[in-house]
Protein chains: 2
Amino acid sequence: MQDALIRKLESFEELTEADREALSALTLRIRKVPARTDLISEGDPPNSVHLILDGYACRYKVLPDGQRQIMAYLVPGDFCDLNVFILDQMDHNIGTISACQVVDIPRQAIVEITDDHPRVTQALMWCALVDEAVLREWLVNVGGRPANLRIAHLICELLLRLEAVGRVTGNSFSFPFTQIDIADTMGLSNVHVHRTLRDLRSLGLIALKRRTLTILDVPRLKALCGYNPNYLHLKNTRWGARRRIPWPSVGRRGSG
Amino acid sequence: MQDALIRKLESFEELTEADREALSALTLRIRKVPARTDLISEGDPPNSVHLILDGYACRYKVLPDGQRQIMAYLVPGDFCDLNVFILDQMDHNIGTISACQVVDIPRQAIVEITDDHPRVTQALMWCALVDEAVLREWLVNVGGRPANLRIAHLICELLLRLEAVGRVTGNSFSFPFTQIDIADTMGLSNVHVHRTLRDLRSLGLIALKRRTLTILDVPRLKALCGYNPNYLHLKNTRWGARRRIPWPSVGRRGSG
DNA sequence: CGCCCACTTGATGCCGATCAAAACCCGTGG
DNA sequence: CCACGGGTTTTGATCGGCATCAAGTGGGCG
């Protein structure tokens, strides 16, 4: 299952055999990284691009009071820092959640493949833009939704992202996050995450055992949080059909 | 004051006279847009790049329940959608806060300038990466800080970003946001935003009158929220000096 | 001058944080 | 094989920050 990247890119753009071979050549030297290990830390100069082939990682920052905030989940097929050569130092950390298989791609290899493979270049830029769109959606999630919808939304997103890289079977997927991880992701306490997950379980929406999450009722879970997958910009998947959602007119919190 | 873009780019990279001229040529056809007007909406196909020359705008989404979440403030010198040609439709809205001067730059003009001006290309990529870094910091802010530190952090960030484009005089700058705007930005209610601003005023940290914000005590305001400007990746400014902050070891919310 | 927002302030209530402690799970070593 | 130990999960009790509701004030613009 090391074709996560190619699968993901093809969910956006058709690739030729030559494109696929060039991509495969990038992923030869695989490195195994244990769980709970930093791949790169705040302040480090970026000297290669990290690509996750297997396992889960996350971006995070630590606030002065010791509070950790997770800003992104990185799943198979995700680049950690595609464009980061432009900047002189990392402004956040990237650490593994589970054990991971990672490849470190030197800058030069990226330059070469983008010079020779325009469709791959397009697809890589698409990756970067989708990562940013996901980040925006997380801000909406944390800023605008109550705890239960937040977690429901996160689960819906993971389903789609993991499905795009072939990591979902029967609406089940690996879920190595602790409740503390989820708490630090959603701006909640671990206790409240637990209670929210229990509620979702008791509603018959999800099941969670032995670090495997199963969504028991996908339509109902999506309806619960009003899930709109447009920000993932998927094309060639079963979820990718475009819909224009008729949003209600602009409204605001409070009595404004 | 239409040199906001050039000033911003030069806070990252030294430009030649030819670079500056090429950039100036982009900004000839200025369009005036009234306050509270969408520049582009969710679902629209992107057909040109918008550059803010004067005034403030924001990115936002509207949730199914009518709740608005603002995800970014766009200030003079900011591009709204630099790379968005890759995607087929907008997944969020961009609307003005105050009256703005905007230029619509056709895709072709961007291609030409990046072909001929490598330093400009670098600087534009830097813009895009900094925008993303700001977005990450906002997620940290909303997810990890209490209301007063959230707002303090936002104000510190605006000071630095506006200073980079010459829009600050004596620690004062234009502040056309309503309390409802701030509420929808920070995931708070307008009432609580008001109380928090009142507290910051009574602490002698800020003053706010006639849509102008003055920071009365910059060091204390920064200390309050533990402000670390590294994510802005500024270089040639009075704040740009690099520091390695010795973060405390990773800790978590809750009793983990 | 008058209307429409935005701002302001008080009262009340709830969502989710915090504190505390027990049960569980799993890898480790005896 | 079982005992041990540390981290995670689970549950209950209590607390607090912020939302919500309501009503009055103020300021800018037509």
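Keep in mind the model is a prediction, meaning the values are calculated, not measured. So that the names make sense, note that chain A is the first sequence line, chain B the second, and so on, each numbered from 1.
- Considering only residues two or more places apart in sequence or on other chains, B:Phe79 meets the ring pair (Phe, Tyr, Trp, His ring centres under 6.0 Å) condition with none of them.
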Between the protein and nucleotides 10-13 of chain C, list the N/O to N/O atom pairs that are separated by less than 3.5 angstrom.
{"residue": "C:dG10", "atom": "N7", "partner": "B:Arg195", "partner atom": "NH2", "Å": "2.4"}

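- Relative orientation of the A:Tyr73 and A:Trp138 rings is perpendicular, given thresholds of 30° and 60° on the angle between their planes.
- Residues B:Glu42 and A:Asn230 bring a donor and an acceptor atom of their side chains to less than 3.5 Å of each other.
- Partners of A:Arg195 under the side-chain contact (heavy atoms from CB on, under 4.5 Å) rule, at least two apart in sequence or in another chain, are A:Val191, A:Arg198.
- With respect to B:Tyr56, the ring pair (Phe, Tyr, Trp, His ring centres under 6.0 Å) criterion is satisfied by exactly one of B:Phe175, B:Phe177, B:Phe173: B:Phe177.
- Sorted by first then second residue, the salt bridge (charged side-chain N to carboxylate O under 4.0 Å, His left out) pairs that include residues 91-102 of chain B, not counting sequence neighbours, are A:Arg136-B:Asp91.
- Spacing between atom CG of A:Asn190 and atom P of D:dT10 amounts to 11 Å, rounded to whole angstrom units.
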For nucleotides 23-26 of chain C, print each protein N/O atom paired with a nucleotide N/O atom at under 3.5 Å, atom names and distance only.
{"residue": "C:dC26", "atom": "OP1", "partner": "A:Arg210", "partner atom": "NH1", "Å": "3.4"}

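- In this entry the distance linking CG of A:Asp65 with P of C:dA17 reads 14 Å, nearest Å.
- Regarding A:Asp199, its CG atom lies at a distance of 10 Å from the P atom of C:dG16, rounded to whole Å.
- Contact annotation: A:His194 side-chain N/O to D:dT10 OP1/OP2 distance is under 4.0 Å.
- A:Asp38 is linked by a side-chain hydrogen bond (donor to acceptor under 3.5 Å, both in side chains) to A:Tyr60, counting only residues two or more places apart in sequence or in another chain.
- Here B:Thr214 pairs with B:Ser172 under the side-chain hydrogen bond (donor to acceptor under 3.5 Å, both in side chains) rule; sequence neighbours left out.
- Look at B:Gln179 and you'll find a side-chain N or O under 4.0 angstrom from OP1 or OP2 of C:dT8.
- Counting to the nearest Å, the P atom of C:dC5 and the CZ atom of B:Arg211 are 15 Å from each other.
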Are any protein N/O atoms closer than 3.5 Å to N/O atoms in nucleotides 16-18 of chain D? If there are, list each pair with its distance.
{"residue": "D:dC18", "atom": "OP1", "partner": "B:Ala147", "partner atom": "N", "Å": "3.0"}
{"residue": "D:dC18", "atom": "OP2", "partner": "B:His192", "partner atom": "NE2", "Å": "3.2"}
{"residue": "D:dC18", "atom": "O5'", "partner": "B:His192", "partner atom": "NE2", "Å": "3.4"}

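- Here B:Thr37 pairs with nothing under the side-chain hydrogen bond (donor to acceptor under 3.5 Å, both in side chains) rule; sequence neighbours left out.
- Rounding to the nearest 0.5 Å places CG of A:Leu82 at 7.0 Å from SG of A:Cys127.
- You'll find the side chain of B:Arg145 stays beyond 4.5 Å of the side chain of A:Gln67, heavy atoms only.
- Contact annotation: B:Arg201 side-chain N/O to C:dT8 OP1/OP2 distance is under 4.0 Å.
- Atom CG in A:Asp181 sits about 13 Å away from atom C1' in D:dT9, given to the nearest Å.
- For the helix from C:dC1-D:dG30 to C:dG30-D:dC1, the angle separating the two terminal helix axes comes to 40°, with each axis derived from five pairs and the value rounded to 10°.
- Residues forming a salt bridge (Lys or Arg N to Asp or Glu O under 4.0 Å) with A:Asp217 (at least two apart in sequence, or on another chain): A:Arg220.
- Summarising the geometry, the separation between CG on A:Leu197 and P on D:dT9 is reported as 9 Å, rounded to the nearest angstrom.
- Panel note: side chain B:Thr96, backbone B:Ala57; no donor-acceptor pair is recorded below 3.5 Å.
- In this structure, B:Leu213 places its CG atom 16 Å from C1' of C:dC7, rounding to the nearest Å.
- Rounded to an integer number of Å, the gap from CG of B:Leu208 to C1' of C:dT8 is 14 Å.
- Contacts of A:Asp78 classified as side-chain hydrogen bond (donor to acceptor under 3.5 Å, both in side chains), with partners at least two apart in sequence or in another chain: A:Lys8, A:Arg161.
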